[in-house]
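Here is the structure we will look at.
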Amino acid sequence: MDKSGFTTTILHSDRRDDVEHGAVHKPIHVSSEYGYADARELAAVFQGKAGYTYARQGTPTTAALESRVTKMEKGVASVSFATGMAALAAVFTTLLRAGDHLVSSQFIFGNTNSLFGTLVELGVEITFVDATDAEQVKAALRPNTRMVFVETIANPGTQVADLVAIGTLCRERGLVYLLDNTLTSPWMLRGMDVQASLVMNSLSKYIGGHGNALGGTITDTGLFDWSGYPNIFESYRKGPPTGWGLLQIKKKGLRDMGGTLAADAAHRIAVGSETLALRMRKHCDNALALARMLEAHPGVAKVFYPGLPSHPQHARAAELFDGCFGALMGVELVDGIDCFEFLNRLRVVILATHLGDTRTLALPAAHTIYYEMGAQRRAQMGIADSFIRVSVGIEDEEDLLGDFDQALRACMNT
Ligand SMILES: *Cc1c(COP(=O)(O)O)cnc(C)c1O
């Protein structure tokens with residue numbers, strides 16, 4: 001993947017897009033409504049001309065952030081939402097209808113899994129497959145299949161989907177390929193490069209990066225031809241068909257459902273995004289060092305991390321992610337060490353849910369974020385009761401490795 005100019009582009013994005021008084025940051029626009037001197041101009045904006053009307057449909061501040069994410073993804077356009085889940089919910093509820101079929105990876109974020117329960121109640125058929133193998137996706141396709149959904153690296157099991165082959169399959173069959181790029185971020189993978197139609201990034205994670213703002217985006221890569229897609233309302237069949245899908249997601253997801261990103265959160269995320277490349281490198285380096293240390297540790301039974309040769313999709317991850325393997329890992333301790341005892345002995349690591357923060361966070365996944373889904377679904381996702389999810393931060397490496405080591409040793413000595 002060509003990363004030349006990645007950071008320079010982000011740093012100068014606001015200024016080059018639309019300078020306001022020479023400001024290098026897009027200002028935080030707090031206006032709810034936007035006034036016009038000419039009523040005809042107001043009407044024109046309602047009828048599709050670029051501009052702002054009511055902040056539920058976005059502000060110049062959210063638009064500037066959308067522009068940054070579009071540049072990171074090298075896509076055509078993006079729409080921002082209050083959270084990553086709002087972005088995902090907007091896509092599924094606006095592009096799928098009762099009777100449509102969705103094929104999803106069985107290795108997915110718990111809240112997405114829960115959202116799928118709601119979709120099923122609304123009449124959408126969903127088949128879960130092991131998406132590390134594109135053949136399984138292919139075998140699940142039906143005449144009414146509209147969309148395929150996968151996470152690049154799955155939260156929390158770290159399975160790496162067969163992203164390239166699934167992209168080719170979706171292109172051949174004319175299916176919407178929705179990629180959740182949250183764990184990789186556009187610095188490790190661009191949806192484009194695996195022929196995704198739409199890319200979701202939770203901005204709350206690496207892109208914002210500092211645990212101080214929530215947000216999400218949907219980016220249109222421009223690869224999908226919406227002219228043959230049956231679920232686009234007549235009023236959104238305007239202009240080139242590559243834009244229809246995102247227009248409907250924006251109108252329905254923002255205007256009608258109101259999952260809008262606030263301007264001050266957009267600002268904080270935009271500032272965070274400036275150091276994405278720097279942070280991501282350190283996140284990945286720390287994670288690889290920690291994974292190697294833990295895999296060799298007598299207190300640890302198993303480490304799930306795509307950067308380790310023992311990971312089933314290590315070779316694929318090495319090829320796709322350009323030598324970086326992300327910063328999320330799963331750890332299972334040896335029998336006899338209680339995962340709660342271990343976690344309680346950590347001093348640097350914070351016991352908290354969330355990932356992609358600058359600080360290292362850990363939690364017992366089966367007992368917390370994956371508690372509600374039940375044992376059967378957890379087993380399908382490869383999450384044992386003792387599975388500890390670790391989101392590796394950017395602390396000094398020796399402090400981080402030292403913290404895990406001291407906690408493990410204390411447990412082994414008792
Ligand atoms: C966190 C996360 C989401 C949801 O993002 P929010 O911004 O927290 O709503 C979706 N997918 C994955 C893989 C995530 O890790």
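First listed ligand is number 1; within each ligand, the first listed atom is number 1. The chain is numbered in sequence order, starting from 1.
Heavy atoms only, all atoms of each residue included: Met1 and Pro186 are closest at CE-O, 2.9 Å.
Listed as neighbours of ligand 1 are Thr83, Gly84, Met85, Phe109, Glu151, Asn155, Asp180, Thr182, Leu183, Met200, Ser202, Ser204, Lys205, Gly215, Leu355, each bearing a heavy atom under 4.0 Å from the ligand.
Taking the ring centroids of Tyr52 and His29, they lie at or beyond the 6.0 Å cut-off.
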Full working for ring-ring contact (aromatic ring centres under 6.0 Å, His included) between Tyr370 and Phe387: CA-CA 10 Å; Tyr370 292 84; Phe387 187 102; 8.2 Å; no
Full working for salt bridge (Lys or Arg N to Asp or Glu O under 4.0 Å) between Lys3 and Asp322: CA-CA 10 Å; Lys3 287 180 182 159; Asp322 209 16; 3.4 Å; yes
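Not a single salt bridge (charged side-chain N to carboxylate O under 4.0 Å, His left out) links Asp130 to another residue, sequence neighbours left out.
Salt-bridge annotation for Glu274 and Arg68: present, with a side-chain N of the basic residue lying under 4.0 Å from a carboxylate O of the acidic one.
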